[in-house]
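Quick notes on the structure that follows.
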Amino acid sequence: MGNSHRVDGRAPVHGFYASSSWIEGAAVRQLEAVAAISGVCAVAGMPDLHPGKFGPVGCAILADHIHPAFVGSDAGCGMALFALDIASRRLRIDKAADRLRDVAKPYDGDIAGELAMHGLAPSDFDAALGTIGGGNHFCELQAVEEVFDPNCGIDRDRAYLLVHSGSRGLGHQLLERQVADGLRPLATDSAAGQAYLQAHDHALRWASRNRQVIAQRAAAALRCEADPVCECSHNCVVHRADGVLHRKGAAPSDQGLVVVPGSRGALSYLVAPLATAPKEALWSIAHGAGRKFDRSSMMGRVGATRSDRERLARNPFGGSVICEDRALLVEEAPEAYKPIAGVIGDLEAFGLARVVASFRPLVTVKKIANERPRREDRR
DNA sequence: ATGTTC
C-alpha cells in the first residue's frame, strides 16, 4: 500500500510514490491542504504528483460534495490511443512530419454535422473542435518500442497515434462560471450541482470527440485510417455510491487499458491497471510523467539560442517536434518532465498497474506559426 | 488550461 499519514480529523492521504521519487514539497502540501477541507474523505497522490493552480495535479480525491476546483479548467482532458493501418517502418519521419502539420491548422470539416451525429448539443466553442490546443496538449505519431504482453492487442509493426487534448473553451467556461460563483463545493442533489454535472458531462463527451477528430485528421494527413485502442479522461468527476470521486491528472483504473505518456522525448507506456490495487488508490493511476519544473523556469534551463531550438525540435529517437511557438517549445521541453520510468516503476511497485507495451515518439505535433493576416483583412 | 493579445 502507499505511504500514508493522517493528521487529527483530516482525511487520510496516501502517496503512491517511492521516497526516492521526485515529488515537490509544495505538491505534498497542496495534497495535505485538500485533505483538510471539510467533506473530503480520502486523497490519493500518484507518482506524477506536482503543484497546480487550484490544487495538486496527479491525484484522486473522494469527497461528499462536487468540488469544481478539483476538476480544474479542462474537464474532459485526456488521452486517446489509435492504431494506424500503416507499418511504422514504412514511415519517413520528415515526410510524415510535413504531412502532420495539417493537424495544427484550424479544422475546416463539418463540425456541426460531426457533433450532431454524436448527439452533442452546439456550444459557443465548437470552432475549436478537431484542434489540439496549447500547453501540454499534443498529437503524437509513435512506433511500438516493445510489447510485454503478447495478448494486449498491440501490433509491433504498426504505427500508433496518441492524442492528448481536452474540452478547450468549454471546460474553461465551466470553471470560470464556478469561480464567478465563489468556487464553492456543490451538493450532488442541488440544482447547481446537477447543472455542473450536466455541463461537465457535455465537456467530457466534447473532449472525447475532439480527440477522435484530431486522430481522423492525422490519419487522413498520413493517408491511412485510425482505429481506437483505448481512451480516458484524467480531469473529471464521477458520482459513485461511496462519494464523489475527483480525478485531477489521474487516469481511471476501472476502465481498461491506459496510456501513461512520457515527455515528448521519452517512451510512453500502455498499462493494464490491476484489479488487486489497494482501495486507497481510489480507482486511479498516474496520468503521465508529471511536470518536474515550472514553465517559467524552463527558458533558463534549456536556453534560447538557435542551436537550442534546433535541439528541441528533435527527440532522442531521431523523431521530430512540430512546435513553431518558441515559448511553448521551451516550456514543454522533455527536461520539464520527470523521467517516466520512475513513474511506471512506482505504479508497478505499489501494485497499481502492469506494463503491456511501450511506444517511442516519431513526430510530436504541437503548434504551427499563426498565418499572418493579409493586409486587406486587417482593420 | 483558455476563440490566451478585447
Side-chain angles (χ1 to χ4, degrees), chain A residues 27 30 48-59 67-80 103-109 111-112 114-115 120 122-139 163-180 183 196 199-200 202-204 206-211 213-214 232-237 246-251 261 263-264 287-291 293-296 298 323-332 336-337 365-373 377-379:
Chain A
Q30 284 189 330
D48 53 344
L49 188 77
H50 62 92
K53 183 175 177 183
F54 294 100
V57 179
C59 64
H67 292 252
F70 295 166
V71 176
S73 66
D74 192 5
C77 182
M79 296 283 168
V103 180
K105 296 173 182 167
Y107 178 46
D108 62 0
I111 290 174
E114 174 77 30
L115 293 171
L120 274 156
S123 78
D124 293 341
F125 306 98
D126 293 343
L129 192 81
T131 59
I132 295 166
N136 55 4
H137 291 171
F138 62 81
C139 172
V163 179
H164 177 203
S165 190
S167 58
R168 311 298 306 280
L170 268 182
H172 186 245
Q173 174 185 256
L174 180 64
L175 186 64
E176 283 296 296
R177 286 181 173 168
Q178 295 299 321
V179 168
L183 206 51
Y196 177 84
H200 162 279
H202 179 245
L204 260 62
W206 194 101
S208 174
R209 183 48 39 195
N210 189 35
R211 292 185 284 271
V213 174
I214 291 166
C232 69
S233 172
H234 48 232
N235 288 349
C236 56
V237 64
H246 305 74
R247 292 190 176 100
K248 177 55 182 168
S263 74
R264 70 185 188 217
H287 80 314
R291 279 200 89 86
F293 296 124
D294 188 71
R295 308 187 101 84
S296 58
M298 289 310 298
C323 185
E324 294 171 358
D325 177 329
R326 288 183 183 185
L328 187 60
L329 183 72
V330 167
E331 288 167 3
E332 289 293 315
Y337 287 87
V365 186
K366 300 283 289 179
K367 256 187 172 38
I368 58 172
N370 286 332
E371 284 178 42
R372 194 174 171 78
D377 290 345
R378 278 184 257 156
R379 287 165 57 92

Any sub-3.5 Å donor-acceptor pair from A/N235's side-chain atoms to A/G76's backbone N or O?
no
Would A/E114 and A/R209 pass as an ion pair if we require N to O under 4.0 Å?
yes
I would like to know whether A/F54 and A/V71 meet side chain to side chain contact (heavy atoms under 4.5 Å, CB included); could you show each step before the answer?
CA-CA 9 Å; A/F54 294 100; A/V71 176; over 6 Å; no
What residues in residues 167-179 of chain A put a non-hydrogen atom under 4.0 Å from any atom of DNA chain B?
A/R168, A/G169, A/H172
In sequence, state the C-alpha distance, the side-chain angles, and the governing distance for A/S167 and A/L204, and then conclude on side chain to side chain contact (heavy atoms under 4.5 Å, CB included).
CA-CA 7 Å; A/S167 58; A/L204 260 62; over 6 Å; no
Could you measure the distance from the OG atom of A/S165 to the CG atom of A/N210? Nearest 0.5 Å is fine.
4.5 Å
For a quick check of understanding: with a heavy-atom distance under 4.0 Å over all strands, which category does A/K248 fall into, base, sugar-phosphate or nothing?
nothing
Which nucleotide of DNA chain B is the first, and which the last, in the 5' to 3' direction, to come under 4.0 Å of a heavy atom belonging to chain A?
B/dA1 to B/dT4
Side chain to side chain contact (heavy atoms under 4.5 Å, CB included) assessment of A/V57 paired with A/R291
CA-CA 9 Å; A/V57 179; A/R291 279 200 89 86; over 6 Å; no
Evaluate A/E324 against A/K366 for side chain to side chain contact (heavy atoms under 4.5 Å, CB included), listing each step before the verdict.
CA-CA 8 Å; A/E324 294 171 358; A/K366 300 283 289 179; over 6 Å; no
Centres of the A/H164 and A/H287 rings: under 6.0 Å?
no
